[in-house]
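Here is the structure we will look at, set down as structure tokens.
A, B, ... follow the sequence lines: proteins, then strands. Residue 1 opens every chain.
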Number of protein chains: 2
Amino acid sequence: MVIGFKSGKYLETMIKRAKGVTISQVADAAGVARSSVSRAFTRPDMLSPETVDRIMKVAETLGYVPNHTARALSTGRHGNIGLIVPDIANPFFPPLIQAGQLEADRSDFCIFLGNTEESPKQEDKLVGRFAGQVEGIVLVSSRLSDERIRAHAAQLPLVLINRDVDGIPRVLIDSSSGVRQAVEHLAELGHRKIVYVSGPANSWSNKQRRTAIRSAASSLKVDIETVPAVLASYTSGRNAVSAILATGATAAVAFDDLTAQGVLAGLAEKKVSVPRDFSLIGCDDVLGAVTYPALTSVSNRSVEAGRVAVSLLIEMLQSNGIRDARYVLQTHLVMRETTMALGYLAP
Amino acid sequence: MVIGFKSGKYLETMIKRAKGVTISQVADAAGVARSSVSRAFTRPDMLSPETVDRIMKVAETLGYVPNHTARALSTGRHGNIGLIVPDIANPFFPPLIQAGQLEADRSDFCIFLGNTEESPKQEDKLVGRFAGQVEGIVLVSSRLSDERIRAHAAQLPLVLINRDVDGIPRVLIDSSSGVRQAVEHLAELGHRKIVYVSGPANSWSNKQRRTAIRSAASSLKVDIETVPAVLASYTSGRNAVSAILATGATAAVAFDDLTAQGVLAGLAEKKVSVPRDFSLIGCDDVLGAVTYPALTSVSNRSVEAGRVAVSLLIEMLQSNGIRDARYVLQTHLVMRETTMALGYLAP
DNA sequence: ACTTGACATGCAACCGGTTGCATGAAAGTC
DNA sequence: GACTTTCATGCAACCGGTTGCATGTCAAGT
């Protein structure tokens, strides 16, 4: 009996200690009820300052940390939010994720990250898996159908980035404003014929950009020719160079920075000097200034998008309201070193 | 009274429905005890097949989904693992994260992502915040001191990537093999003085690479000089160029590809032609062939590292054992276009 | 026919907090 | 000095599952 008592009791104690101090232990040690300990942490104003003080001291010495899971169970809020992106390896997303996380941090929320590999099925699965453990989800560039998105939104607070579904809070990056500026800029520099190096045919952004370019060009009396790059990638940009030069254009706007970087490399290979002989503008500004010469590009606002989306979600969670917000983020041209006036002669 | 009953009851029902079906509702509907429903989901072999069947059908029609939080509270396991990286925007990490997540997915674990912005303080804070809600953590390129890491490892299962702390399971990408090849390659090309452009001072990889370079150089009778880049970034690489050229070296190995890319741009700016006048090698091979000229680099194995680390962690969690594993992943030189024999004359 | 054991199921305690309500003491009012 | 109000604190139910043990049933063993 004695042996049983000893080993059993000691083991239990040790396991407890390893597993963490509970509210009851603090309560006992401080000579108060469990509820008082709870309140000392959540609503100290309900207790006398001395009691709060004493409890806090005891908690401190015992190394008590409130159990997140238990709290979540009784309150129904666990302070986590999900963030689902199609492809984390695409340089467009990391800054967005980073900004979202920073914003979440400010309100003590943790981020669950999901990567769908561009697959709607995987996206659906992730939302389901997250559903039980997050208070809300931010879907970035969702590949789901409108119906699925609506269905999920009925289950839990949802905010979309770069997806425009009526009635669901969303943050949209409008690249057309920046693209228009790009064309205007080139026109001012004297370029009369411009190539648009297009991206994936089924991309919403590609459509948006192409449309914006055409409309800007026609109002500025600039010639536009489209050269397809098939994929949004360095390689396809590089491969498109011959076709670009064949058009006789003196400048190009590429679907995205990666494509533009490929074009830049292709031009260098063909001894066409940028910006002296040819002007080039990218989109999304994901490369910063890392190319040489530094690439002029259209800003992407992904950082703001991440920040705004998360803060919008948190706001919804805290006010319990389902605001039908629709934030549109304008873009603009970021001038660097790949554009120059036509026919400019170095001194 | 009637009004109170109606509104109260209905509201409650609606809230319940919105909040999710509970195990009790399923139990009532199926005419069994709550425990049976629980077992139908967790240990169906304990119940008769017919009972399981009936419960499952009822659960299905009611749309019952087990509450993750409640389960976590009683079992102590919530099926989440944390993944903490210093800088998600650094292209080295996304593929690693992606691979880790894929691996976690296979065992139905969810990933909590943390970004420390290279700050040990933030890293500490994140580990603390995660601690309550994850079963284990993978720390990638931790900037914490050995003591802090040990302290955290005492609290919960921990796996390290690119950090070598005794007694703590770790996955190491051994860049020294690749770095040695890089130096050998440069030596063969006739370079007698090489600069190492170093990275973050408290980075394990940086130490490892510097050591490997020194040892390779001394055995090959090559001169080594170190120029600090402070941060692993394009900008610091670019800023380091003057110092690099001042050493009189004819080739450089940079801490990582980003730094190398900065150096490349800096050299171009100063009209130093790569590879004709200067040879350059990066590390981590994160840029593929996107620079011009395409950067010769040391392979990184980050995908394997992410996969192995997560699978190791999950294995630890499931077997409850704390294996002192130490996986080392070898690297090799990836030759591209930024190296050339010294004094080579173009035909 | 009676015991034995295997098996299916239910009961109730437990995980670690939160929270509405009750209680009792101190302070304020007339 | 009796009566209300205010405030700090405790009690106990609850969140939604899991799990050790008890109970009941039915078939096999003798």
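Residue A:Ala33 has its side chain nearest to D:dC11 when only C:dT18, D:dC11, C:dA8 are considered. Listed candidates were D:dT19, C:dC11, C:dC15. Nearest to the side chain of B:Ser38 is D:dT19. Comparing C:dC15, C:dT9, C:dG10 by their closest approach to the side chain of B:Ser74 singles out C:dC15. Relative to the side chain of A:Ile23, the nucleotides C:dG17, C:dC15, D:dT9 differ in distance, and C:dG17 lies closest. Side-chain proximity of B:Asn67 to the nucleotides D:dT9, D:dG10, D:dG17 is greatest for D:dG17.
Applying the 3.5 Å distance criterion, the base of D:dG17 shares no donor-acceptor pair with the side chain of B:Arg39. The base of D:dG17 lies close enough to the side chain of B:Arg34 for a donor and an acceptor atom to sit less than 3.5 Å apart. Counting distance only, with no hydrogens placed and no angle test, the side-chain atoms of A:Ser35 and the base atoms of D:dC11 include a donor-acceptor pair under 3.5 Å.
Across all their heavy atoms, B:Ile137 and B:Leu313 have their closest contact at N-CD2, 3.7 Å.
Regarding contacts with the backbone of D:dC15, every side-chain N or O of A:Thr75 stays at 4.0 angstrom or more from both OP1 and OP2. Note on B:Thr51: a side-chain N or O is less than 4.0 Å away from OP1 or OP2 of C:dT9. A close approach under 4.0 Å does not occur between any side-chain nitrogen or oxygen of A:Ser36 and OP1 or OP2 of D:dT9. Remark: B:Arg77 is not in phosphate contact with D:dT18, judged by side-chain N or O atoms under 4.0 Å from OP1 or OP2.
A salt bridge links A:Arg129 to B:Asp108: one of the charged nitrogens lies within less than 4.0 Å of a carboxylate oxygen.
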